[in-house]
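Below, read A as the first sequence line, B as the second, and so on, with proteins coming before strands; counting in each chain starts at 1. Values below: all heavy atoms of this structure, side chains included; hydrogens, waters and symmetry mates excluded.
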Amino acid sequence: MDQDFFERVYDVVRQVPPGRVTTYGAIARFLGSGRSARTVGYALNACHGLQPSVPAHRVVNRNGQLSGKHHFDPVASMEALLAAEKISVVEDRILDFERLFWDPECLL
DNA sequence: GTAATGACCTTGG
DNA sequence: ACCAAGGCCATTA
């Protein structure tokens with residue numbers, strides 16, 4: 001299987017600084033696919049329970065909404081992790097999302 | 001090999 | 001400005 005794509009996503013997500021969040025589109029664009037934002041989410045779907053901690057909770061949609069919070073083991077786990085990062089989440093939405101937004105291209 | 005799904009994004013009316 | 005539809009990529013059935 002081409003888990004390479006998955007590793008690619010995981011690698012980017014793991015490089016996300018604490019207290020920061022990124023979007024699927026940004027990751028997809030960083031990978032080069034650009035339009036594979038959906039596939040990025042799919043990759044995170046398999047990141048559940050991986051050996052290396054994949055901060056999927058730091059990955060949200062373009063709207064800053066916790067679209068995948070429902071896919072976590074405990075649904076409230078995402079909010080808890082974000083809360084641990086000092087990220088305020090209300091109604092499944094990150095406060096000051098633009099301010100906490102982090103782009104993988106920033107590494108370049 | 002074809003069809004359907006999915007943690008999305010962009011563009012059109 | 002708001003609502004709606006289409007598209008692209010990868011995986012699974």
Query raised in the report: Is there side-chain contact between A/Phe30 and A/Leu108, with heavy atoms separated by less than 4.5 Å?
Result: yes
Requested in this report: Under the ring-ring contact (aromatic ring centres under 6.0 Å, His included) rule, collect the residues that match up with A/His71, sequence neighbours excluded.
Outcome: none
Query raised in the report: Which residues within residues 80-108 of chain A lie with some heavy atom under 4.0 Å of an atom in DNA chain B?
Result: none
Report task. Using whole Å, report how far CG of A/Leu31 lies from C1' of C/dC9. Result -> 11 Å
**Report entry** Selection residues 43-68 of chain A - residue pairs positive for ring pair (Phe, Tyr, Trp, His ring centres under 6.0 Å), sequence neighbours left out
**Finding:** A/His48-A/Phe72
Requested in this report: Round to the nearest Å and state the distance from A/Glu7 atom CD to C/dT11 atom C1'.
Outcome: 17 Å
Requested in this report: Could you tell me whether the side chain of A/Ile27 reaches within less than 4.5 Å of the side chain of A/Val59, counting heavy atoms only?
Outcome: yes
Name the atoms and distances for all side-chain donor-acceptor pairs under 3.5 Å in residues 73-85 of chain A, with sequence neighbours left out.
from: A/Glu85; atom 1: OE1; to: A/Gly19; atom 2: N; distance (Å): 2.8
from: A/Glu85; atom 1: OE1; to: A/Arg58; atom 2: NH2; distance (Å): 3.4
from: A/Glu85; atom 1: OE2; to: A/Arg58; atom 2: NH2; distance (Å): 3.4

Requested in this report: Provide the full list of salt bridge (charged side-chain N to carboxylate O under 4.0 Å, His left out) pairs with a residue in residues 17-28 of chain A, sequence neighbours left out, each pair given once.
Outcome: none
Report all side-chain donor-acceptor pairs from residues 86-107 of chain A shorter than 3.5 Å, counting only partners two or more places apart or in another chain.
from: A/Asp92; atom 1: OD1; to: A/Lys69; atom 2: NZ; distance (Å): 3.4
from: A/Asp103; atom 1: OD1; to: A/Glu105; atom 2: N; distance (Å): 2.9

Query - Atom P, compared across C/dG6 and B/dA4: separation rounded to whole Å - result: 15 Å
Tabulate protein N/O versus nucleotide N/O from nucleotides 6-8 of chain B, keeping only pairs under 3.5 Å, one per line.
from: B/dG6; atom 1: N7; to: A/Arg38; atom 2: NH1; distance (Å): 3.4
from: B/dG6; atom 1: O6; to: A/Arg38; atom 2: NH1; distance (Å): 3.3
from: B/dA7; atom 1: OP1; to: A/His71; atom 2: NE2; distance (Å): 2.4
from: B/dA7; atom 1: O5'; to: A/His71; atom 2: NE2; distance (Å): 3.3
from: B/dA7; atom 1: N7; to: A/Gly41; atom 2: O; distance (Å): 3.3
from: B/dA7; atom 1: N7; to: A/Asn45; atom 2: N; distance (Å): 3.3
from: B/dA7; atom 1: N6; to: A/Leu44; atom 2: O; distance (Å): 2.5
from: B/dA7; atom 1: N3; to: A/Tyr24; atom 2: OH; distance (Å): 3.1
from: B/dC8; atom 1: OP1; to: A/Ser67; atom 2: OG; distance (Å): 3.4
from: B/dC8; atom 1: N3; to: A/Arg38; atom 2: NE; distance (Å): 3.3
from: B/dC8; atom 1: N4; to: A/Arg38; atom 2: NE; distance (Å): 3.1
from: B/dC8; atom 1: N4; to: A/Arg38; atom 2: NH1; distance (Å): 3.2
from: B/dC8; atom 1: N4; to: A/Arg38; atom 2: NH2; distance (Å): 2.8

Query raised in the report: A/Gln15: what forms a side-chain hydrogen bond (donor to acceptor under 3.5 Å, both in side chains) with it, not counting sequence neighbours?
Result: A/Asp11
